[in-house]
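Counting starts at 1 for both ligands and their atoms, in listed order. We're numbering straight along the sequence, starting at 1.
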Amino acid sequence: MRVGILTGGGDCPGLNAVIRAVVTKGERQYGDEVVGFRNGWAGVMEGDVMPLDAERCRDILPLGGTILGTSRANPYATEGGAQAVRATLQRERVEALIAVGGDDTLSVAGQLAAEGVIVLGVPKTIDNDLGVTEVTFGFHTAVQTATEAIDRLRTTAESHHRVMVVEVMGRDTGWIATYAGIAGGATEILIPEEPFDIAAVSERLRAHHGRDTSSSVVVVAEGARPVDGDIVVQSDQRDAFGHVRLGGVGRLVADEIEARTGFETRLTVLGHVQRGGTPTAFDRVLATRFGIAAIDAVHDGHSGMAAVLQAGQIRLAPIADLTTETKVVDRTLYETVAGALVSLPG
Ligand code: F6P
């Protein structure tokens, strides 16, 4: 069978592990010929193909990024895009396509499947915001990176008796902030799901400093917003899926804290460092399991389904179920685990 694979949307650690699993199992167990499309849906529309085999994938398991490249191209927002996708698949004799991506890439995959193209999905994103699957690969690595950064910031915060504000990614959810904040022992964790009152945050920091320390770390998710304000965006310009570029709330939080408490405050924006580098062992394993499930699903005759993790098992779920609902941070986790050890907004 001739199978195509693409990686779309923001990259994340573990993408190469999926590619390796699909290609190696496809070739060795099913006798498949696997081709990669470069740069997400752009490569499928343009017919930008690269041959893949087990030998090419031999050393890519620990490699961050994606050997296929990625983009945020959207065939349904491009004139003639969906027809171009179908034409390429026909020309390249690709019988089934595996799309590895977040909600945007998978929503295109779901639509194509509904129109009769054989497409399987593999969920990925550092944001961990896709429904149905307990976790997406890339998230664990991003949390580890953010936690290491917090650990480092803590020592310099203590030396200088400062407040360190750390802005992390996560789009409209606070998964990275919550996990890294708990793991790093942050004093405050500000997430989109719980709008914050900066006066109350500053008050709690003042009490915290007066009590047993003279420094603190405040973790802010890029999508967090004040109770009386809007989310902060870097640019109003929207991508092909309608997303604005988030970022900047950390500056607002740091300036307000310094002004209200008088504590010297510094800001670190972690940015894309959270998306780069080698995947953790957890993400390598999950990505490999997803890749294997996807190529198996192709040979079991499925379409319009994605590999997901549920109760520790890999299962298949309709792609639409992953993309219609954003998985927000579990309130119990935020309030009981984080709340018991850090002060929370409110
Ligand atoms: O969805 C992953 C993500 O890293 C978000 O956390 C972030 O808001 C966005 O992508 C950044 O996108 P870009 O790489 O296009 O700047």
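- Here atom 7 (C) of ligand 1 lies nearest to E222 when heavy atoms of E222, H272, R171 are compared.
- Ligand 1 has at least one atom lying under 4.0 Å from a heavy atom of I126.
- The closest protein non-hydrogen atom to atom 12 (O) of ligand 1 is R72 NH2, 2.9 Å.
- Between Y179 and F139, the gap from one ring centroid to the other is short of 6.0 Å.
- A single hydrophobic cluster is seen to contain both F290 and I5, as judged by linkage of ILVMFWY side chains at heavy-atom distances under 4.5 Å, directly or through other members.
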Evaluate the criterion salt bridge (Lys or Arg N to Asp or Glu O under 4.0 Å) for residue pair E193 and R331; output intermediate values, then yes/no.
CA-CA 9 Å; E193 292 86 340; R331 229 200 141 94; over 6 Å; no
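- What sits closest to atom 4 (O) of ligand 1 on the protein, heavy atoms only, is R275 NH1, 2.8 Å.
- Closest to atom 6 (O) of ligand 1, if we only count protein heavy atoms, is D127 OD1, 2.7 Å.
- A salt bridge links D11 and R275; the closest N-O separation between the charged side-chain nitrogens and carboxylate oxygens is under 4.0 Å.
- Grouping the Ile, Leu, Val, Met, Phe, Trp and Tyr side chains by contacts below 4.5 angstrom, directly or via other members, places L322 apart from L112.
- At least one heavy atom of G170 sits closer than 4.0 Å to an atom of ligand 1.
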